[in-house]
Structure formats: C-alpha cells, structure tokens
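A quick note: this is a predicted structure, and the numbers were derived from the prediction, not measured. This chain uses plain numbering: 1 for the first residue, then up along the sequence.
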Amino acid sequence: MAQILLLHSVYGLRPAVLAAADRLRAAGHQVTTPDLYGLPAADTVEAGFALLEKVGRDVVLDRARAAARDLPAEAVLAGFSMGAGVAGALLAERPEAAALLLLHGTGGAPESVRPGLPVQLHLADPDEYEPQDEVDEWRRAMTAAGAEVSVHRYPGPGHLYTDPDVPDHDALAAALTWDRVLAFLADR
C-alpha cells in the first residue's frame, strides 16, 4: 500500500479531509494530512481565500514541503482543489512520487513529469474553477510529457462535491470518486 500526502483545499483542514484520510487508511494506506494554514478552517470559500491570503502562498507551499520531508520519495502526492495545485507544485521537487492524485483541481507541470507517472484527476462537470479548455490543454501537456493521465468528470455537482459540509456536495459523485481513487491507489 501507499504512503500518501493529502493536502487540503482553500477551506483549510476540515472534517472532510480527515474523513478522506481515514477512508484511505481503512484501505491500508498511510496518510499524512498537514494543516497548511495553522488556523481554524473556514466555513465559506470566500473565508478560505481570505485565510490563504493571510497565511500566504509561499508559507502554504513551505508547510507542504515540511510535511513531505519525512515521507519516502515515492509517496503519492494528493490534494483537494488548492491542495491539488500544491501537490502538483511539489512534484517538481519529488520526481519519484508514485502517483499524483488530484481532486477538484489540476496540478503539476509537464516539465516535472517523469515518463509513466500515474496521474488521476476528478472534477465536476462543469467546474467554475477548471474550464474544460484549460483542463484539455493541461491533459495534452501532461500526456505529451509522459504522464499516464486519467480524467474523470462528474456531471452536475459543484466544485468541491466530495465534501459533505459544503453546498457543492454530491453523494453519488463522491462515492464513485472514492471507488475510483481506491482502485487507482491499490497498486501504488
């Protein structure tokens, strides 16, 4: 089973992130869920963006790096929305990562991809933060760089549909996402 660095969304380290980590642990994985803010989580996306601005993007990335420091080089990098972007940014420094798991947001740059890197992306369809043309361009670039990319779109739900405590939540899409995530991670 895998060691996984699971990074929270702009909301902060919420119960949904901890529940996701518990779900992954129940499947036999070891999961690290750092608090990238060091502050109580937000209740709204607007408050989450205010927290991000207060803490600063550089501090968030430094805290993610610190959390990854003690993990094996091949740890899976995973994140929710903003955390997906942070996980993708860490890929440049952790080229041996076993996989990149992106929930509710793209992440990673083609120049950071090693050939054969497994990448799984889960997005609402449509997603206000991830326009289809940008996702298509990201996928083409990552695939051209050698990543093995699978993209799963879920028609109807809102952006952060796996979090049961936000209006975006969609139980059916979330259940299917977690089934696909567990299958993806089973061989890591």
Q | Salt-bridge present (D62, R65; N to O < 4.0 Å) | A | yes
Taking all atoms of both residues into account, what is the closest heavy-atom pair of [X] and [Y], and its distance?
| X | Y | answer |
| --- | --- | --- |
| M1 | G28 | CB-O, 3.1 Å |
| R63 | G38 | NH1-N, 3.5 Å |
| G12 | V17 | O-CG2, 4.4 Å |
| D165 | R14 | CB-NH2, 3.1 Å |
| A87 | L7 | N-CD1, 3.7 Å |
| L102 | A84 | CD2-O, 3.6 Å |

Q.
One pair to check against side-chain contact (heavy atoms from CB on, under 4.5 Å): Y37 and L52. What are the steps and the verdict?
A. CA-CA 7 Å; Y37 290 162; L52 175 60; 3.6 Å; yes
Roughly how far, to the nearest 0.5 Å, is the [atom2] atom of [Y] from the [atom1] atom of [X]?
| X | Y | atom1 | atom2 | result |
| --- | --- | --- | --- | --- |
| L121 | L123 | CG | CG | 4.0 Å |
| H152 | L103 | NE2 | CG | 10.5 Å |
| S112 | E93 | OG | CD | 9.0 Å |
| T162 | L176 | OG1 | CG | 12.5 Å |
| L6 | R25 | CG | CZ | 8.5 Å |
| M142 | E111 | CE | CD | 9.0 Å |

Do [X] and [Y] have side-chain heavy atoms sitting under 4.5 Å apart?
| X | Y | result |
| --- | --- | --- |
| R94 | L71 | yes |
| L91 | L117 | yes |
| D127 | D125 | no |
| Y129 | V10 | no |
| L24 | I4 | yes |
| L77 | L101 | no |
| L160 | S9 | yes |
| V151 | R153 | yes |

**Q.** Stepwise side-chain contact (heavy atoms from CB on, under 4.5 Å) check, R57 with V59
**A.** CA-CA 5 Å; R57 294 175 190 276; V59 171; over 6 Å; no
Q: Please work out which of the three classes, parallel, tilted or perpendicular, describes the rings of Y154 and H122, given edges at 30° and 60°.
A: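 Parallel.
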Q: Classify the angle between the aromatic ring planes of H104 and Y161 as parallel (below 30°), tilted (30 to 60°) or perpendicular (above 60°).
A: perpendicular
Q. Does a donor on one side chain sit under 3.5 Å from an acceptor on the other, for E130 and T106?
A.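 Yes, a side-chain donor-acceptor pair sits under 3.5 Å.
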Q.
If hydrophobic clusters are built from ILVMFWY residues whose side chains come within less than 4.5 Å, do L18 and V31 share one?
A. yes
Q: Is it possible for you to say whether L39 and F49 belong to one hydrophobic cluster, with membership spreading through side-chain heavy-atom contacts below 4.5 Å?
A: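 In one cluster with L39: F49, yes.
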Q | D58, CG atom: more than 12 neighbouring heavy atoms under 6.0 Å | A |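 No, because the 6.0 Å sphere around CG of D58 holds 12 heavy atoms or fewer from other groups.
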Q.
Quick one, H159 with D168, criterion side-chain hydrogen bond (donor to acceptor under 3.5 Å, both in side chains). Give me CA distance, side-chain angles, the key distance, then yes/no.
A. CA-CA 6 Å; H159 173 70; D168 294 347; 6.0 Å; no
Q: Would you sort out whether V76 and Q3 count as a side-chain contact (heavy atoms from CB on, under 4.5 Å), showing the intermediate values?
A: CA-CA 6 Å; V76 172; Q3 289 236 350; over 6 Å; no
Q) Within 45° of the six-membered ring axis of F184 and under 6.0 Å from that ring's centre, is NZ or CZ of R188 located there? A)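 Flagged: R188 positioned over aromatic ring of F184.
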Spell out, as yes or no, whether a donor-acceptor pair under 3.5 Å connects the side chain of [X] to the backbone of [Y].
| X | Y | answer |
| --- | --- | --- |
| R114 | A97 | yes |
| T143 | R139 | yes |
| H8 | F80 | no |

Q: Start with the C-alpha gap between V119 and S150, add the side-chain angles, then the distance that decides, and say whether side-chain contact (heavy atoms from CB on, under 4.5 Å) holds.
A: CA-CA 6 Å; V119 178; S150 59; over 6 Å; no
